[in-house]
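See structure below.
Chain letters run A, B, ... following the sequence lines, proteins first, then strands; residues in each count from 1. Every value quoted in this text rests on a predicted model; they were computed, and no experiment measured them.
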Number of protein chains: 2
Amino acid sequence: MSDARPPGNGRVTIKEVAERAGVSRSTSSRALAGTGYVAEPVRQRVRRAAEELGYVVDATARSLKQRSSRIIGVLVSDLRNAFYADLAYGAGRRAREAGFTMMLVDDGGRADEELEAAHAFVASRVAGVIVTPVSDGAAEFLRRQHMPLVEVDRVFGNGDAVVIDNRHAARTTTEHLLSLGHRRIALVIDETDWTTGRERRQGYEDALVAAGLELDPELVVSAGWNADATEQVARSLLAGPDRPSAVFAANNLLAEGVWRGAMDLSLRLPDDLSLVAFDDAPWMSMVTPGITAVTQDATRLGAEAVGRLLDRIADPTSPARVITIPAGFQRRQSTSRPAS
Amino acid sequence: MSDARPPGNGRVTIKEVAERAGVSRSTSSRALAGTGYVAEPVRQRVRRAAEELGYVVDATARSLKQRSSRIIGVLVSDLRNAFYADLAYGAGRRAREAGFTMMLVDDGGRADEELEAAHAFVASRVAGVIVTPVSDGAAEFLRRQHMPLVEVDRVFGNGDAVVIDNRHAARTTTEHLLSLGHRRIALVIDETDWTTGRERRQGYEDALVAAGLELDPELVVSAGWNADATEQVARSLLAGPDRPSAVFAANNLLAEGVWRGAMDLSLRLPDDLSLVAFDDAPWMSMVTPGITAVTQDATRLGAEAVGRLLDRIADPTSPARVITIPAGFQRRQSTSRPAS
DNA sequence: TTCCGATGTGGTATCGATGCCACATCGGCA
DNA sequence: TGCCGATGTGGCATCGATACCACATCGGAA
């Protein structure tokens, strides 16, 4: 308990613990790390000595010797977005359960910062990395460095990944609108270069095609990265007389933008417009009417990714796996049959 | 660029870089780290050799030798709460600007996990720690280990800290309600053992006392940790005939609970009840009517904390400082003069 | 010409933990 | 008595980067 700072520097080392416990350094190491044989009374003595001296193992020294740390790198696009925050939460919790700590970096959706973060992870000799990729640069770099890697939510490479069943969820959601009687259904989406967007768009098209409808390119609108920009896009989409009777927003930020745009135009949900969002957010259950949404368990996504990563670390040669997690569906009041 | 794995293990070391560049290890180290003299052409050559070999410095070895890493530990209570996520975002960004990486742990508001995380930080020899403390255990432990430390949002010790001006903000907020004509103003609060809650309560009382009102203990209601529990508490608070005409909810979760409780009872804002929240959240600007709120710049809070921490690391002996950040106020439609 | 300062060399120590090895004890069992 | 297995010792090497030292070089200034 007392803070002892015997030699030059300051921190207690295992050598002092060993001396205090009256054993050798080897034995202390075994007793503390729990590897190899140690008689119970000796283990007790060592542990007590460590406690009394306030000894804390030097993970940098241990990592150097063992050539890997007990740290997992997590790389997300935007912590301020609840989706990523939840994902990081799930990843961190699962990692801690397994005795790992999380090193978290927010790359702001920028490829250069993503690569820089990957570099930092390798430098820190993390045991593995979870990433919601924005380009293939980081993943490629990490693979070249033989770093265990799991992509989450989106996938660029052909390694391990954990994703939502985007296509299927988008299809059934679109079918929900169709079954209500909608025929002009707009899709507001950000980025179709990514698997996430591509799959969601594909699910949307699957449903329309299956219903025998023509695909109208004008109804697929791409919007930017924040709610403000989307609000503008939504206003022009919804302003005309031939506006769609329903909008499917492909993520929570887009949904917010569309919702605000609709408010600006004094459109009433669901009478004037049906709205459904991919990815639930707290506000969707609080506004009136509540917004129907596809729910993604981001926390689980993060946890599963870490789980897969731990398996990968344990067995570096097993074949790559893509884990698909089903999405949920939360029907609320923002969707109903079209007015006319 | 090509991945070279010459010797036994796998990773490229500085020795190989030195050989390829045709210089000594000392010189390579200086060239790459940018410390000490190196002639420009030599630096170029070394950098190029490192690039070609895909060399990445081993931070564990460097940290061991230098007895400190370029990592900052950040310890928050709940990443799923936007306040902490924003705070972590700000901290991470500021840290990265300074060339540090963030090691993030969510302790779930539990003292035991907090202590465990502090232990992990010390083990990793992080350069310093930011914490939103839930007990004094972790902070005390870190101080005993001579770990640079900054407390954020709440403060337990008497070291460095960065906090919101809670008392003043709570006072002016309460005065806002008083000036509208409210006399029975309830305060729904979680925890008054913490400085945050204590200060907010004090600000609330300051305003009432200054207005010459009696303090009614029945109007100060303590609620739990999540919105669901708060909802129940709010319902019993708001059910009676002598219910308060205004509620001041001391954080965003409490506000959500009170809001839901009011909805359950079909109370209309602001006619039947005025509601104001400490800590703005996205939904507050989206519901109708919008919720008046004290705004805290959590991102700035995190950034300032890291800034203070870096100063502390640079100068371990300077006196402790508490940095107070002003809160903002966002008037919306949930507050108006009482009905009768 | 001489000397200086800037630059670079190689070798060695260091950081703290761990792993390994040859060797020492010791109690108990055949 | 002899030998085994369990346990522990103490010394030394290792992980990779960095710090430091005594020396070497070399171009240019005095």
Side-chain angles (χ1 to χ4, degrees), chain A residues 4-46 49-50 53-70 122-127 145, chain B residues 4-46 49-50 53-70 122-127 145:
Chain A
R5 328 237 129 267
N9 175 36
R11 287 228 152 72
V12 181
T13 74
I14 202 174
K15 181 161 163 252
E16 292 143 46
V17 173
E19 280 166 7
R20 178 165 189 124
V23 299
S24 72
R25 276 152 65 234
S26 315
T27 306
S28 297
S29 176
R30 268 177 284 123
L32 293 172
T35 68
Y37 58 82
V38 184
E40 197 47 36
V42 176
R43 155 173 284 132
Q44 302 272 338
R45 226 166 53 215
V46 174
L53 292 171
Y55 171 74
V56 179
V57 67
D58 187 328
T60 65
R62 171 182 284 174
S63 298
L64 173 60
K65 176 67 177 160
Q66 300 190 328
R67 315 176 99 139
S68 174
S69 66
R70 300 279 286 177
V122 172
S124 293
R125 298 297 187 259
V126 299
Q145 294 285 337
Chain B
R5 328 238 130 269
N9 173 37
R11 287 229 150 71
V12 181
T13 74
I14 202 172
K15 179 158 165 256
E16 292 143 46
V17 174
E19 280 166 7
R20 178 165 189 123
V23 298
S24 74
R25 276 153 62 235
S26 314
T27 306
S28 297
S29 176
R30 267 178 285 124
L32 293 171
T35 68
Y37 58 82
V38 184
E40 198 47 36
V42 176
R43 156 173 284 131
Q44 301 272 339
R45 227 167 53 216
V46 174
L53 291 172
Y55 171 74
V56 179
V57 66
D58 187 328
T60 64
R62 172 183 284 173
S63 298
L64 173 60
K65 176 66 179 162
Q66 300 190 329
R67 316 176 99 137
S68 174
S69 66
R70 300 280 285 177
V122 172
S124 294
R125 298 297 188 259
V126 299
Q145 295 285 336

| query | NA contact type, B:S26, heavy-atom cut-off 4.0 Å: base, sugar-phosphate, or nothing? | reply | base

| note | Atom CD of B:E19 and atom C1' of C:dG10 are separated, to the nearest Å, by 13 Å

| task | Grab the CD-P distance between B:E40 and C:dT7 for me, whole Å please. | result | 11 Å

| said: Between A:R67 and D:dG16, is there a contact of a side-chain N or O with OP1 or OP2 at under 4.0 Å? | reply: yes

| message | What is the distance, to the nearest angstrom, from the NZ atom on B:K65 to the C1' atom on D:dT18? | response | 5 Å

| query | To the nearest Å, how far apart are A:R62 CZ and D:dT14 C1'? | reply | 16 Å

| query | Has the side chain of A:Q145 got a donor or acceptor atom that lies under 3.5 Å from a matching backbone atom of B:G54? | reply | yes

| Residue mapping more 5' on DNA chain C - nearest nucleotide basis, B:Q66 or B:R43 | B:R43

| Counting distance only, does the side-chain N/O of A:S124 pair as donor-acceptor with the main-chain N or O of A:V126 below 3.5 Å? | no

| query | Is the closest side-chain donor-acceptor distance between A:R30 and A:T27 under 3.5 Å? | reply | yes

| field | A:K15 NZ to C:dA17 C1', straight-line distance once rounded to whole Å | value | 13 Å

| request: Output, in order, the C-alpha distance, side-chain angles, deciding distance and verdict of salt bridge (Lys or Arg N to Asp or Glu O under 4.0 Å) for A:R11 and A:D58. | output: CA-CA 9 Å; A:R11 287 228 152 72; A:D58 187 328; over 6 Å; no

| said: Go nucleotide by nucleotide along DNA chain D from the 5' end; which of A:G22 and B:Y55 gets its closest nucleotide reached first? | reply: A:G22

| task | May I have the distance from B:L64 (atom CG) to D:dA17 (atom C1'), rounded to whole angstrom? | result | 9 Å

| message | How many whole angstroms separate atom CD of A:E16 from atom P of C:dG16? | response | 9 Å

| Does B:R25 get its side chain close enough to the base of D:dT18, under 3.5 Å, for a donor-acceptor pair? | yes

| query | With a 4.5 Å heavy-atom cut-off, do B:S29 and B:I14 have their side chains touching? | reply | yes

| Atom pair distance, as rounded to whole Å: CD1 in B:I14 and P in C:dG10 | 15 Å

| query | Taking for each residue the nucleotide of DNA chain C bearing the nearest heavy atom, is the 5' side occupied by B:A61 or by B:S24? | reply | B:S24

| task | Report the nucleotide, chosen from C:dG8, C:dA13, C:dA17, that has the shortest atom-to-atom distance to any side-chain atom of A:D58. | result | C:dA17

| task | Could you check which of D:dC15, C:dT9, D:dA17 has an atom nearest any side-chain atom of B:Y37? | result | C:dT9

